[in-house]
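Computed from a predicted model, the values in this text were never measured in an experiment. These numbers come from the heavy atoms of this one structure, side chains and all, not from hydrogens, waters or symmetry mates.
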Amino acid sequence: MLFAVGVLGLGLVRAAFYDPADPGATWSSAPPAAGPVVAGKCGGVPLRATRSTRGFWLTTVMNIDWPSRQGLPEAQVKAEYDKWLDLAVAQHHNAVFVHVRPSGDAFWPSEFAPWSEWLTGKRDGQSPGWDPMAYMVAGAHARNLEFHAWFNPYRGTQPGPGGPGADFSKLAPNHPLLAHRDWALAYPQGKSARLYFDPGIPAARKFVEDSMLEAVQKYDIDGVHFDDFFYPYPQAGQDFPDDASYAAYGKGKARADWRRDNVDTLVREMNERIKALKPWVKFGISPFGIWRNLDTDPDGSDSHGLEAYDAIYADTRKWVQEGWLDYIVPQLYWNIGFAKADYAKLLPWWVNLVKGTKVQLWIGQGDYRVGEKGAWSDPAEIDKHLDLDEKAGVLGEVHFSAKSVRSNRLGSVTRYYDHHYAAPALPAVMPQLPAAPPPAPALTAAQRAGAAITFTATAGAEPAAASWALYRVSGDAAALVATGRSGSQVKDPNPPPGKSVYCLTGLDRSANEGPASAPFSA
């Protein structure tokens, strides 16, 4: 894990174009059955569903999560990926964040980047003979998971010995930094050096944007996701060697302000270009958890750690205030009570920051830390975080990383699952995204198969639903019991004995929910 931390860095740490994949499913486009339909109610009681994005980061660099090794056969890579998606479903997650551009490379056939060596096992730029991105997106959607493509914009290589470091002779022959050596900067000096695209060169920035937008254009992704890597974290007193680009483009600004402007421009332009291309695609960033400390800035948080604004030139507060993001996922990988960065003090700072903006707050959870000495030896630590998140109205969590969710160290994942994720959840609605809630569907028949009840359902007229949500009446409400992609089998996996009343709704691509079907007893 220490090695993984070193690799990833200090921060670590509607579309109405959906084509149902299962032609034999019990969902059809026949007109809905007649009956009383009341939006938001089922049999006279209100629908009840948690609205929260839940997911994990699936890390590809250094094969931390997936694929398990470089150069595996296509069938094994696919099988491993499917198991990760099945884990997400089992945990009642509704999104995955997959590392598709770890460092100037690509997990898709790209005109802008070589194939990732973490997939192919080679740096020759040769295709593996299949399209991983197409498979990844289709697999996520088949399980009704949002697919957020996770990119590192400016990283050009990984340090040696695992990566090529700053050695141009070790790059794939079609690596763009070979053709544009003037865009390449090596940092830091020594054996841990890696290459970066210089954020201060406008042409390099546009190329990086184009390389990521290629994936938005070619694939049906749900989100574009960055983590905290823009300018590199400072090391051993070395400064980032951008004298030439600062002299050419600095225009008399202080270098720190100029660097922040460069990152601001990338964030703003990516937001504008994504929305111009596909307005329904979400854009979000998972930054380091401290913007600035209160003892540095009266607007800062009650913390005493590294400041993203000053150290890596990431003005995360500005991005929220300007509305350049749809969501932000600060990496609050610290325990409650930690003196330098107390989770219980940083959380309200971020909650207050997003108030009155269109930006949703999700929290990055450091599952990888469970089992460390001190507070992290308590399996309830992340469970306590989620308690605070719920009280604060946080609209999601993303867990680092998939391997830690699977390992369930000290039973910590089971604990927070039982208390917070035991029922499925729908993604929180983003009003700024396109909305086309579908009309009411209908439940027309039901059949018990083993422990489950399977339904025959008919979709309403246009606009078409992207997904469905199944509710079961219990007491004074109808609780969400299952979700699925449009075209998939409608099923209650764990019905109680005897008869129950159900209702079905359709949701559009942006998770806007239409009216419920007429009640159906099964």
Exercise. Residues two or more places apart in sequence or in another chain: which of them pass side chain to side chain contact (heavy atoms under 4.5 Å, CB included) with Ser301?
Worked result: Ile290, Ser303, Leu346, Trp349
Problem set entry | By side chain to side chain contact (heavy atoms under 4.5 Å, CB included) - contacts of Ala256 (at least two apart) | Arg260, Tyr313
For this session: Could you check whether the rings of Phe240 and Tyr196 sit parallel, tilted or perpendicular, using 30° and 60° as the cut-offs?
Result: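 Perpendicular.
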Between the side chains of [X] and [Y], is a donor N or O closer than 3.5 angstrom to an acceptor N or O?
X: Thr296; Y: Glu307; answer: yes
X: Glu146; Y: His148; answer: yes
X: Tyr416; Y: Glu397; answer: no
X: Asp387; Y: His420; answer: yes

For this session: Tell me whether the guanidinium CZ or amine NZ of Arg259 lies under 6.0 angstrom from the six-membered ring centre of Tyr154 and within 45° of its axis.
Result: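 Negative - Arg259 is either too far from the ring of Tyr154 or too far off its axis.
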Distance-only donor-acceptor pairs under 3.5 Å for side chains of residues 69-79, two or more places apart:
from: Glu74; atom 1: OE2; to: Lys78; atom 2: NZ; distance (Å): 2.6
from: Gln76; atom 1: NE2; to: Glu80; atom 2: OE2; distance (Å): 3.3

Exercise. After noting the C-alpha distance and the side-chain angles of Arg255 and Asp242, does the key distance pass the salt bridge (charged side-chain N to carboxylate O under 4.0 Å, His left out) rule?
Worked result: CA-CA 10 Å; Arg255 190 175 303 215; Asp242 57 359; 2.8 Å; yes
In a table with atom names and distances, give each donor-acceptor pair under 3.5 Å that connects a side chain of residues 180-187 to protein atoms at least two apart or in another chain.
from: Tyr187; atom 1: OH; to: Gln235; atom 2: N; distance (Å): 3.0
from: Tyr187; atom 1: OH; to: Gln238; atom 2: O; distance (Å): 2.9

Exercise. Counting only heavy atoms not in Lys275, do more than 12 sit closer than 6.0 Å to its NZ atom?
Worked result: yes
Problem set entry | Aromatic ring proximity, centroids under 6.0 angstrom, Phe97 and Trp150 |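 No - the distance between ring centres of Trp150 and Phe97 does not fall below the 6.0 Å cut-off.
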For this session: Report yes if the distance between the aromatic ring centroids of Phe230 and Trp319 is under 6.0 Å, otherwise no.
Result: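 Here the rings of Trp319 and Phe230 have centres that are less than 6.0 Å from each other.
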Exercise. For residues 123-139, which residue pairs qualify under side-chain hydrogen bond (donor to acceptor under 3.5 Å, both in side chains), counting only residues two or more places apart or in two chains?
Worked result: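 Matches after skipping sequence neighbours: Asp82-Tyr135, Glu117-Arg123, Asp131-Tyr219.
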For this session: Using the side-chain contact (heavy atoms from CB on, under 4.5 Å) rule, take Phe168 and His175 through it: C-alpha gap first, then chi angles, then the decisive distance, then the call.
Result: CA-CA 9 Å; Phe168 285 93; His175 197 293; over 6 Å; no
Exercise. Using 4.0 Å as the upper bound for N to carboxylate O, is an ion pair formed by Glu322 and Arg268?
Worked result: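 Salt bridge: no.
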Exercise. Between Arg509 and Asp222, does at least one N-O distance fall below 4.0 Å, as a salt bridge requires?
Worked result: yes
Exercise. Are any non-hydrogen side-chain atoms of Gln365 and Tyr343 less than 4.5 angstrom apart?
Worked result: yes
For this session: Taking ring pair (Phe, Tyr, Trp, His ring centres under 6.0 Å) as the test, write out the residues that go with Phe56, two or more places apart.
Result: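 His93.
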